[in-house]
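Just so we're on the same page: letters track the sequence lines, and every chain starts at 1. Atom set for the values below is all heavy atoms of this structure, side chains included, hydrogens, waters and symmetry mates excluded.
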Amino acid sequence: MELGKAEAAIEAILFAMGDSVELERIAKAIEQDAETTRKIIYHMMEGYRTDRRGIQITELDGSFQLCTKSELYEYLIRVAKQPKKLVLTDVVLETLSIIAYKQPITKLEIEKIRGVKSDHAVNRLVEYNLVRELGRLDAPGRPLLFGTTEEFLRHFGLHSLEDLPMINPVQLEDFKAEAEEEIQTKLEV
Amino acid sequence: MELGKAEAAIEAILFAMGDSVELERIAKAIEQDAETTRKIIYHMMEGYRTDRRGIQITELDGSFQLCTKSELYEYLIRVAKQPKKLVLTDVVLETLSIIAYKQPITKLEIEKIRGVKSDHAVNRLVEYNLVRELGRLDAPGRPLLFGTTEEFLRHFGLHSLEDLPMINPVQLEDFKAEAEEEIQTKLEV
Amino acid sequence: MGIPVKLQAFEGPLDLLLHLIEKNKVNIYDIPIVEITDQYMEYLHEMETEDLDVMSEFLVMAATLLDIKSRMLLPPEVDEKGEEVDPRDELVQKLLEYKMYKYMSYELRDRQDGAAFHYYKQPTIPDEVKEYRPPVNIEELLGDLTLSRLHTIFRDIMRRQENRYDPIRSKFGSLKREEIDLSGTMRFVQQYISGKKTCMFREILVLRSGKLYKIVTFLTLLELMKEGKVAVEQEETFADIRIDWTGTDDGVSEEEFAQDYA
């Protein structure tokens with residue numbers, strides 16, 4: 001299969017599917033191995049970068065999906081309905097950040113960290129499709145385990161969980177340093 | 001507005017809308033007159049003609065729409081038809097065993113036993129032809145009753161449901177006694 | 001003295017504690033437990049929440065703070081390595097962890113704003129492609145699932161269900177939510193002690209039922225000690241506590257008490 005034809009096929013597949021499509025499925029459809037397919041897609045991503053293109057390919061945890069470029073948003077809202085913006089309250093965001101970093105995690109563990117019941121927040125997150133049940137923990141009561149969804153990655157513009165903003169060690173160190181300094185000052189007084 | 005930017009905006013608009021969009025709406029969105037806009041779109045249509053593109057713009061009665069190129073149809077079928085590796089999850093297995101032993105049974109009763117929603121699992125089992133609807137219960141809401149299929153018997157080499165290994169009633173009593181004992185212990189502490 | 005902060009704004013006891021620590025500009029590693037506990041209790045008094053779940057969580061933290069406060073007064077405990085144990089350590093770790101996730105949630109919020117400007121497209125797969133279902137190979141699907149395995153699975157489910165079933169509570173018919181009126185209960189406990197002049201802690205505990213009542217009773221006792229209205233004595237750990245009323249204001253007499261709470 002010629003490269004141009006492969007690119008055309010992949011564009012058609014991503015366009016028609018709308019949703020994200022796993023690398024393996026694309027590879028099978030164009031009858032190439034996964035690595036070659038990945039290279040082709042990365043090459044295509046370069047091509048979409050030109051100013052003349054209004055769409056791009058985004059990678060989500062080993063899957064690929066077409067979407068519009070964010071800088072064209074202003075033109076889109078003139079024709080398309082503005083997508084409903086999900087407003088996440090502090091409570092919900094806090095719960096989400098715990099799930100994102102600690103997944104798979106049970107409600108009880110979330111509650112331990114937050115110090116308050118978190119049922120409501122977890123249910124909201126499942127409803128928004130940002131969080132899903134991953135299975136059950138093999139422990140008494142077989143509690144449900146929760147983790148984030150692909151929609152979560154999309155919503156926060158992440159390509160995989162590894163893209164999660166890291167807890168900045170410098171910042172945490174800063175907290176510590178500050179604390180120590182204060183103690184020092186007090187001792188000297 | 002620069003030509004490249006206009007093309008990008010039009011591509012993004014057509015992509016996001018999915019349906020066909022009238023020339024006038026596109027023109028308004030990119031703040032050009034209809035004639036200029038039409039010229040830009042015709043120019044874009046030329047660009048899509050290259051072998052590397054998998055989508056194209058079609059004109060429908062003064063409206064424009066993005067769609068996949070028809071010669072790539074076979075790739076779409078290949079993606080869609082790829083059999084996903086089916087696995088029976090724990091949830092599905094649990095549901096199957098409950099239906100096998102408790103039939104005829106409603107979804108609600110299954111959920112009571114499992115303690116969680118079981119729609120998905122029941123639907124899967126019906127799809128696999130291991131479980132079927134047996135009729136409706138003569139109760140409010142007339143809920144559906146489920147039971148196992150002939151396929152189920154065939155697979156397990158059973159001649160009838162009576163061949164199912166029985167649950168020992170003594171064992172069930174044991175479970176109950178165990179549970180009560182545990183609670184008793186907890187209360188005494 | 002009123003506190004000009006909406007209490008509902010706090011998501012939980014940890015959130016409130018962090019606020020107090022920041023407001024007082026104190027070091028999280030060296031929390032002045034006496035001041036912070038006092039302020040925390042003050043907030044608690046101001047709290048007018050009907051939600052008992054929320055209230056009990058704040059009360060549990062209050063009990064923790066008071067516990068730390070009392071342990072700070074005792075000679076320092078020593079761990080197996082011979083190092084002094086700071087009673088505040090566990091709380092500090094919890095606060096730090098909570099603070100970290102709170103900080104990360106702000107990071108996530110920022111990310112969300114940047115990611116909101118993409119449009120995605122609905123699938124436009126031709127119907128005949130969309131409706132295609134590959135045939136299910138049942139033999140392959142069921143694999144080595146045997147009847148005895150199915151039987152074991154069912155047995156496990158039934159066992160789990162029995163474990164879930166609580167034979168004692170289920171006899172109650174319906175479960176009532178624990179209702180407790182905080183200030184009323186505190187008044188009740190104070191009146192009981194002042195009426196009796198001398199009584200035992202366990203004696204008060206059995207007057208009413210419920211975990212919340214026990215917590216509130218304990219808190220009230222600590223409060224009365226702080227105000228110098230009672231003197232307490234405990235012979236050994238876990239022994240009953242003897243309470244003597246030393247307050248100046250007249251307590252309620254036993255007769256009146258009996259009338260009020262008969």
- One should read off an interatomic distance between A/L96 CG and C/S105 OG, to the nearest 0.5 angstrom, of 9.0 Å
- Task: Would you confirm whether C/H118, through its side chain, and A/C67, through its main-chain N or O, come within 3.5 Å as a donor-acceptor pair?
- Result: no
- Message: With heavy-atom distances below 4.5 Å as the criterion, would you say the side chains of C/R109 and A/L88 are in contact?
- Response: no
- Got a sec: does the CD of A/E127 have more than 12 other heavy atoms crowding it under 6.0 Å? yes
- Do the side chain of A/S97 and the main chain of C/Y101 share a donor and acceptor less than 3.5 angstrom apart? yes
- Proximal component of A/E71, with respect to chain C [non-hydrogen, under 4.5 Å]: neither
- Should A/V116 and C/D15 count as side-chain neighbours, where that means a heavy-atom distance under 4.5 Å? no
- Any side-chain heavy-atom pair of A/R154 and C/Y120 under 4.5 Å: yes
- Message: Just verifying a value: how many Å separate C/K102 NZ and A/L93 CG, rounded to the nearest 0.5 Å?
- Response: 10.0 Å
- Task: Would you mind reporting whether C/P123 and A/D19 have side-chain heavy atoms less than 4.5 Å apart?
- Result: yes
- Query: Are any of the side-chain heavy atoms of A/I77 and C/Y119 separated by less than 4.5 Å?
  - Reply: yes
- In terms of heavy-atom proximity below 4.5 Å to chain C, should A/I98 be classed as side chain, backbone, both, or neither? both
- Message: Would you say that A/R114 contacts C/L14 through its side chain, given a criterion of any heavy-atom pair below 4.5 Å between the two side chains?
- Response: no
- Mark yes when over 12 heavy atoms from residues, nucleotides or ligands other than C/Y40 sit less than 6.0 Å from its OH; otherwise mark no. yes
- Item | Engaged part of A/E74 at the chain C interface, taking heavy atoms whose separation is under 4.5 Å | neither
- C/D89 CG: over 12 foreign heavy atoms closer than 6.0 Å: yes
- Message: For A/R52, is the CZ atom crowded, meaning more than 12 foreign heavy atoms sit under 6.0 Å from it?
- Response: no
- Crowding at NZ, C/K69 (>12 non-hydrogen neighbours, <6.0 Å): yes
- Task: Please tell me if the side chains of C/Y98 and A/E94 come closer than 4.5 Å, counting only heavy atoms from C-beta onward.
- Result: yes
- With sequence neighbours excluded, residues passing ring-ring contact (aromatic ring centres under 6.0 Å, His included) with A/F156: A/F152
- Side-chain (C/E97) to main-chain (A/I113) donor-acceptor, under 3.5 angstrom: no
- Task: State whether the side chain of C/K121 and the backbone N or O of A/F15 hold a donor-acceptor pair below 3.5 Å, judged by distance alone.
- Result: yes
- Task: Please round to the nearest 0.5 Å and tell me the distance separating atom CG of A/L158 and atom CG of C/L108.
- Result: 7.5 Å
- Query: To the nearest 0.5 Å, what is the distance between NE2 (A/H155) and CD (C/Q112)?
  - Reply: 3.5 Å
